[in-house]
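For clarity, every value in this text was computed on a predicted model and none was experimentally measured.
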Amino acid sequence: MSNKEQQQEYAKKIKPLQPKPPYFINCLKAYLVGGLICVIGEALMKFYMTYFNFNEETAGNPTAATLILIAALLTGIGVYDKIGQFGGAGSAVPVTGFANAVTSAALEHKSEGIVLGIATNLFKLAGSVIVFGAVAAYIFGMIRYAFKTLM
Amino acid sequence: MKLQGRQTWKFGSEVYLNSTGTAVGPMESEGPLGALFDVRYNDLHCNEKNWELAERRLMEDSIASCLSKAKLTNDDINFFLAGDLLNQVVTANYVARGNEIPFLGIFGACSTSMESLAVGAALVDGGFAQRVVAAVSSHNATAERQFRYPTEYGGQKPDTATFTVTGAGAALISNEPSPIRITSATIGRVQDLGIKDPFDMGSAMAPAAADTIMTHLKETGMAAEDYDLIVTGDLSGVGAPIVKMLLKEKGIDVSNNHRDCGLMVYRPDQEVFAGGSGCGCSAVVTYGHLVKELMSGSLKRILVIATGALLNPTMIQQKESIPTIAHAVALEGIKGGSN
């Protein structure tokens, strides 16, 4: 086992030989892909408000559902992982990224059966999002409630 | 004494690489060496129901074509040494269940190709076996599932990541003369210089490759120029320049005769990040391409160093670094089929 000094020396030595992550280009791509997903979402929202009697508050639900459906289909036909490689955080952060995480896990574990394969592994990747989403919602809900009662 | 120095085996003149077989998936078929592989699938599922079965099919195909070239059947083989990247080396286990050859499962991550070849050659040289089949396999989708994410998950990978080769290679080792001799092997030591990024295995494995190459040259008394080619397994575009730099520091210049299987198996314009990896990578390039060059005489003497990242996802999550290893096997072409 090497010691800390050797490790630091090696890390320093190989640095010039390692490709640098293109942070700026990645940010730009993420901005474009994430922005495009939001534009599609906005268009869907307008569509539901114009043709299906939803208002600004209620149109969010069918919009999210449609985006999830599209992302799940794109995952199934093997396109979403390519969008993900291009867009990075831009396609991972929106609800479509969540849909991709769930659908890809389901597809992957189909071979182990419906219960122990799909059901057990469905939230393997997305589970942490749900856990921290619920925890954050609870904490901020309590803060808001405290402010409301005190003010 | 067949042991030279501390960790190098010098085989007698009676150890030969008699025949090889390879089977690959679609990306490898489209690569620059595509036409040289024995069995080629244009579907990643290899006509099977799931990824694990697909990998098993590849290993079975590679063995079948290896044995059919030598006009032998499973019953003619004393021992089957095999390994792959999956937990409990399942691909090898299930293939061994089918072929009923006495079996030793081997795991050395991507170094398993040369590990099994070296151990097989030692068994033959020691008189413990007459014929040994050494086989390895890897599959892009089974490796993704085992070590990373579901195949269709849209996570972004950095440019230092490698792309697991979908392929299997098998080799027949015996004491019956053939155009290729296995002359020596150097067993590597586990090296770890603190790399923790599983998407940068080239940087993690380069020190192991450099250590094994240096030790091999020292213990055999050879110079780097004595080999027509010094081929590393899967250091890729990131690790290959690092190993050259590490060797140069020790006064060994391989800038003219070093190649990396991970860079040979795909075209630069194929979307494989830094290059190919997996035990199938060094196996299909060595058994599909390099042995043909040795047989034709365009290469006389080569050293293949299969590099393995002994990676485990749980250990990585526990913030451990990646231990790596490299094993070297020297092959020599003999014109005319015997010496």
Side-chain angles (χ1 to χ4, degrees), chain A residues 1-11 13-23 26 29-30 33 71-72 74-92 96-112 117 121-122 124-126, chain B residues 44-45 48-54 141-142 144-146 148-161 163 189-197 199-200 202-208 210-211 235-246 248-249 271 273-274 320-321 323-324:
Chain A
M1 183 79 191
S2 58
N3 59 38
K4 267 250 149 63
E5 260 169 51
Q6 280 175 307
Q7 295 184 0
Q8 281 166 352
E9 196 197 307
Y10 180 65
K13 205 157 57 180
I14 62 172
K15 197 134 197 229
L17 294 175
Q18 286 178 311
K20 284 173 195 60
Y23 289 120
N26 279 354
K29 285 176 176 172
V33 172
L74 288 176
T75 304
I77 58 171
V79 173
Y80 203 89
D81 58 331
K82 295 188 174 67
I83 299 173
Q85 180 58 38
F86 179 83
S91 60
T96 50
F98 186 84
N100 165 252
V102 175
T103 318
S104 63
L107 282 169
E108 193 67 35
H109 293 282
K110 205 181 88 194
S111 65
E112 294 111 272
N121 292 293
L122 199 57
K124 204 175 163 187
L125 292 165
Chain B
L44 201 55
H45 269 108
E48 294 287 347
K49 263 199 329 223
N50 61 50
W51 303 126
E52 282 72 18
L53 283 171
T142 60
E144 286 296 313
R145 181 222 279 264
Q146 177 96 63
R148 295 169 204 111
Y149 300 114
T151 34
E152 296 301 336
Y153 178 62
Q156 195 175 36
K157 284 184 185 172
D159 294 334
T160 50
F163 187 88
R189 297 185 296 160
V190 174
Q191 304 278 308
D192 187 342
L193 282 176
I195 303 292
K196 292 182 174 172
D197 182 3
F199 290 113
D200 184 9
S203 299
M205 295 189 295
D211 184 71
L235 293 180
S236 77
V238 178
I242 297 177
V243 80
K244 279 187 210 169
M245 179 190 73
L246 293 174
K248 196 151 207 175
E249 280 176 2
E271 285 172 5
F273 310 102
E320 290 275 358
S321 51
T324 60

Item to complete: Could you tell me which portion of B:Pro207 (side chain, backbone, both or neither) has an atom closer than 4.5 angstrom to a non-hydrogen atom of chain A?
Response: both
Worksheet item: A:Tyr10 and B:Ala206: which non-hydrogen atoms are nearest, and at how many Å?
Response: OH-CB, 3.8 Å
Practice prompt. Check each atom of B:Pro158 against the heavy atoms of chain A and say whether the ones under 4.5 Å are side chain, backbone, both or neither.
Written response: neither
Worksheet entry | Contacting moiety of B:Leu246, where chain A heavy atoms sit under 4.5 Å | side chain
Fill in: Residue, of B:Lys49, B:Arg145, B:Arg189, that accumulates the most heavy atom pairs under 4.5 Å with chain A
B:Arg145
Item to complete: Determine yes or no for a side-chain-to-main-chain donor-acceptor pair under 3.5 angstrom, with B:Gln156 supplying the side chain and A:Gln85 the backbone.
Response: yes
Worksheet, complete the sentence: Turns out that what part of A:Glu112 lies under 4.5 Å from chain B's heavy atoms comes down to side chain
Discussion item. Under 4.5 Å from any heavy atom of chain A, what part of B:Ala274 do you find: side chain, backbone, both or neither?
Written reply: neither
Discussion item. Only pairs of heavy atoms separated by less than 4.5 Å count here; which of B:Pro241, B:Gly202, B:Ser203 has the most with chain A?
Written reply: B:Ser203
Worksheet entry | Distance, nearest 0.5 Å, that separates OG1 of B:Thr160 from CG of A:Leu17 | 13.0 Å
Worksheet item: Nearest 0.5 Å, what's the CG-CD distance between B:Asp192 and A:Gln7?
Response: 6.5 Å
Item to complete: Counting only heavy atoms closer than 4.5 Å, note whether A:Lys13 contacts chain B via side chain, backbone, both or neither.
Response: both
Discussion item. In the structure I gave you, are the side-chain heavy atoms of A:Ile14 and B:Ile195 within less than 4.5 Å of one another anywhere?
Written reply: yes
Worksheet item: If you look at every heavy atom in A:Ser104 and B:Pro150, which pair is closest and at what distance?
Response: O-CB, 3.5 Å
Worksheet item: Do B:Glu52 and A:Ser111 meet the criterion of a side-chain donor-acceptor pair at a distance under 3.5 Å?
Response: no
Practice prompt. Measure distances from A:Ile83 to the heavy atoms of chain B and classify the residue's part below 4.5 Å as side chain, backbone, both or neither.
Written response: neither
Response to the item:
When the 4.5 angstrom heavy-atom criterion is applied to A:Ala92 and chain B, the contacting part is neither
Discussion item. Could you report the tightest heavy-atom contact between B:Asp159 and A:Pro19, atom names first, then the distance?
Written reply: CB-CG, 4.3 Å
Worksheet item: Highest number of heavy-atom pairs under 4.5 Å with chain A: which of B:Gly155, B:Ala141, B:Gly154, B:Gly239?
Response: B:Gly154
Worksheet entry | Closest contact, heavy atoms only, B:Tyr153 versus A:Leu125 | CD1-CD1, 3.7 Å
Item to complete: Apply side-chain contact (heavy atoms from CB on, under 4.5 Å) to B:Glu152 and A:Glu108, showing your working.
Response: CA-CA 8 Å; B:Glu152 296 301 336; A:Glu108 193 67 35; over 6 Å; no
Worksheet item: Where on A:Asn121 is there a heavy atom nearer than 4.5 Å to chain B: the side chain, the backbone, both, or neither?
Response: neither
Worksheet item: Considering only heavy atoms from C-beta outward, does the side chain of B:Glu271 approach that of A:Lys82 to under 4.5 Å?
Response: no
